[in-house]
Protein chains: 2
Amino acid sequence: MPKSSKKRTRRSQASVEGRAPAFPGPIWGLTILGSLSLNLVTIALLASLYESHGPLRCEAGSSGFVAEPEKAVLIASPQSSAEEVEMVSAEEISVSSTAGSRPTSKDAIINLDHGDPTVYEAFWKRMGERGDIVLPGWQTMSYFSDVSNLCWFLEPEFAHQVRRLHSLVGNAVVDDGRFIIVGTGSTQLFQASLYALSPPDAAEPMSVVSAIPYYSSYPTVTDYLRSGLYRWAGDASTFEGDAYIELVCSPNNPDGSIREAVLSSKNGKTIHDLAYYWPQYTPITGAADHDIMLFTVSKSTGHAGARLGWALVKDKDVAKRMIKFIELNTIGVSKDSQLRVAKILKVVSDGHELPGNKHRLFEYGRRVMSVRWRKLRAAVKASGIFSLPEFQSSLCRFTGEETETYPAFAWLKCEKEGVEDCESFLRNHKLLTRSGRHFGVEAKYVRISMLDRDETFDLFIHRLLSLR
Amino acid sequence: MPKSSKKRTRRSQASVEGRAPAFPGPIWGLTILGSLSLNLVTIALLASLYESHGPLRCEAGSSGFVAEPEKAVLIASPQSSAEEVEMVSAEEISVSSTAGSRPTSKDAIINLDHGDPTVYEAFWKRMGERGDIVLPGWQTMSYFSDVSNLCWFLEPEFAHQVRRLHSLVGNAVVDDGRFIIVGTGSTQLFQASLYALSPPDAAEPMSVVSAIPYYSSYPTVTDYLRSGLYRWAGDASTFEGDAYIELVCSPNNPDGSIREAVLSSKNGKTIHDLAYYWPQYTPITGAADHDIMLFTVSKSTGHAGARLGWALVKDKDVAKRMIKFIELNTIGVSKDSQLRVAKILKVVSDGHELPGNKHRLFEYGRRVMSVRWRKLRAAVKASGIFSLPEFQSSLCRFTGEETETYPAFAWLKCEKEGVEDCESFLRNHKLLTRSGRHFGVEAKYVRISMLDRDETFDLFIHRLLSLR
């Protein structure tokens, strides 16, 4: 889909975007609740994890695999009922026992804290062998993919399929000589961007900011190595200063709002995190054209396990520094995942481009998300104690239709009187979510993944309907 | 192979281990020489890389993809003869044009600066389909591999094959409940180890040291983010202090010597980098049993492009911190590469364990390395202007035979009168190597990769024989 010159008409904004007072000080972590899996086999395996309750400090995770220092959480022992709970150190279960697995009963603990995109598994199973790839034992053994490319560890076929997909969807400018840099997920590319945009010899670290509510991993990933190059400086809206790196996530994690940079200065830099700017989540209103744009397959096709992302970068010197970071950090990026994802992206583009093809990922994703959001809004309305952001529809230039916004996360606000901590409230109903505190706002908010498997999502809706 | 209580009798030491005065100050980088590839197609593609000569600072690379700040290097323009060279900024070609490719003529530039393990390609091609793997489109989409494992992103089959291979080779203790942590190459695991061993709240960064000659990437990878947790403190042999992290690489990169920690203190920690402790390079004299041991497939099976390594870790709290680092740095490790390498390791173990199997990787590797070292020593002797380390043979408990040491790198010393800078001397003969300066020692030394493809290695020997 070629870039159009039509004026952008989009207005969708989260109505409860949460300009609440920022939680004091940097947010270091997030309580993840332990859980009782009713599957006894799983529990037996897990038991070994809970044996020691050491005071090891535990930073927040980069994508939701997070725990709060020394904060104890509820965890059921294998034989206990839901009421007989024991306390363990949260860091023991930074990955909760129910993560990645299916619920085993109606009152199972439901973990929607992480954004694990298993909703896409059903699509890829239906695709049969179309998405399969064979990797010969002798292939891609060298460190090098293409020494004629500035990004020497970038597989040419992966780069080709990235350009092709963006051209098809029309969500980002790729055809103007801009650099494609592959990363081990967009998390690595985010760090590569910080490294590239921070002056190497400055006396003070560069300030890194993002408007609240910001993605909970931004502060922790910025600060975990206590770098002298950059440091987390909180809410962009209240930042006072001239030099900064502003992180702009659009559609925004956690609240789904469409965003632009809130700061402006000749010494300011921006990084645009466009992980969710895909047609299943939001109308594609135009081809994004920013200095640094980050994407990931985790949220576009659902292949989080591949740990693969890419950056589109305008400036050659910035691209070089980002490449240098990845060289120093991991000496390039898995070629196996690049080749696999190249195949996956090819199948996605083929599905939308070839006539008669019924396997269209973005149609599938959009249909599933619209059903889920309808169910969620109905449940929230029925409960009477929650609220959700509202979004205006816009013309999607990919589908050619006026379409709704269906974010990958629900940004739920608890309106129930006397409940200040929505995460605790939901945890008591065995529903694991991420508190607004970790996004720089009030604890009345929680972020809930909308990308889990059907059975988990349906159980979540069922649970929500039981709350009053 | 069980751990034996026999007294270690090994004595092999590099005779020219280079206790020369350390190069003053931290080593930030390394000059990589640009080159004229006589393949004009390649050159045409490369030309775009050389267009700008900006002063961007360029840190040393993590595995040899390194360049020295603002140090100009020789690079031939596409049409020039070898004598008509122009100067470009080294950082433009941190990956040299001949890296990863085959020489195209007898006087081609030979790049043996990197340790690209393409020598193994021939073995895996001979294996036919045995090393192939099919990855279905719907597989391993989740972030999670195994939530019952502390290392939740570790694929169980990969862990199984790692244990199996170590048990077969007998080079490391794995059967005592020690933790296996997968990483995006051992470079990421090295950083995870620094993170895990550094107190999170210390006022001063932890000192990171290694005895000269040390792996050239240690200083740069330690310091590139100017972490407040740890910082490079140079040669372990001259370190004065009580608290430190000592890096022990054995067999050592660059000189192939067998090493033990040189420091000892109750506040000191060690990281053992055992990337080269495999039967093709060195006799296996016993099962290593250290607190943190790092391995990589790059140098064991040759699959550098998979970016996969693993750590064997004794202490649970250290393992947790390392896992946390990888969570924050890249949210786990490519499952595609883990599954592929699991298959590769399985084929290697099968080859050595199953009767009648003629495809034995370590035999192949040992045979190739012994031939190469014989050729190299003959060429060095004929030249009369170089010297090499000598090693004593030892009983290899894997093969059951008295065997020689054949390091993955040649640590060459230039003995020619008037030549103080061996790297420059060789560069003038279109042979790219890495100067001893980057390993903390004199410029009379260079490190040369012994792991390139046959045609490149043979051309290198031919070139060496032409030098007097």
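What you see is a predicted model, and the numbers here were worked out from it, not measured in a lab. In what follows, chains are A, B, ... by sequence order, proteins preceding strands, each numbered from 1.
- When all heavy atoms of Ser337(B) and Ser334(A) are compared, the closest pair comes out as OG-OG, 2.6 Å.
- Heavy-atom distances place the side chain of Ile344(B), and not its backbone, under 4.5 Å from chain A.
- Here the straight-line distance linking atom OG of Ser198(A) with atom CG of Leu225(B) works out to 9.5 Å at 0.5 Å rounding.
- Residues Thr330(B) and Thr184(A) have side chains that never bring a donor and an acceptor to within less than 3.5 angstrom of each other.
- Rounded to the nearest 0.5 Å, atoms CD (Gln188(B)) and CD1 (Ile331(A)) are 11.0 Å apart.
- For a residue to count as touching a neighbouring chain, one of its non-hydrogen atoms must lie under 4.5 Å from one of that chain's; by this rule Phe325(A) touches chain B with backbone and side chain alike.
- Neither the backbone nor the side chain of Phe190(B) comes within contact range of chain A; no heavy atom of the residue lies under 4.5 Å from a heavy atom of that chain.
- In this structure, Phe144(B) and His114(A) have tilted ring planes: the angle between them lies in the 30° to 60° band.
- When all heavy atoms of Arg340(A) and Trp138(B) are compared, the pair lying nearest together is NH2-N, 4.2 Å.
- In this structure, Arg130(A) contributes its side chain and Gly137(B) its backbone to no donor-acceptor pair below 3.5 Å.
- Per-residue heavy-atom pair counts under 4.5 Å with chain B were compared for Gly309(A), Pro117(A), Ala202(A), and the maximum is reached by Ala202(A).
- Of the listed residues (Ser186(B), Gly183(B), Ala306(B)), the greatest number of heavy-atom pairs within a distance under 4.5 Å of chain A belongs to Ala306(B).
- Counting only distance, with no hydrogens or angles, the side chain of Arg307(B) and the backbone of Lys335(A) share no donor-acceptor pair below 3.5 Å.
- Between Tyr224(B) and Leu328(A), the shortest heavy-atom distance links the atoms CD1-CD1, 3.5 Å.
- Looking only at side-chain heavy atoms (C-beta outward), Pro136(A) and Trp124(B) stay at 4.5 Å or farther from each other.
- For the set Met127(A), Gln139(A), Lys343(A), the entry with the most heavy-atom pairs within less than 4.5 Å of chain B is Gln139(A).
- Listed for the His303(B) side chain is no donor-acceptor partner under 3.5 Å among the backbone atoms of Ser142(A).
- With rounding to the nearest 0.5 Å, the separation of CZ in Arg226(A) from OH in Tyr230(B) is 11.5 Å.
- A donor atom on one side chain and an acceptor atom on the other are found under 3.5 Å apart for Asn329(A) and Gln191(B).
- For Val347(B), no part sits under 4.5 Å from any heavy atom of chain A, backbone or side chain.
- Among Gln338(A), Glu121(A), Glu129(A), the residue with the largest count of heavy-atom pairs under 4.5 Å with chain B is Glu121(A).
- When the side chain to side chain donor-acceptor pair (under 3.5 Å) test is applied to Thr296(A), the partners found at least two apart in sequence or on another chain are Ser298(A).
- For Tyr120(A), the parts sitting under 4.5 Å from any heavy atom of chain B are the backbone and the side chain alike.
- For the options Ser145(B), Gly131(B), Gly185(B), heavy-atom pairs under 4.5 Å to chain A are most numerous at Gly131(B).
- Considering CD1 of Ile133(B) and CG of Asp336(A), their distance stands at 9.0 Å, rounded to 0.5 Å.
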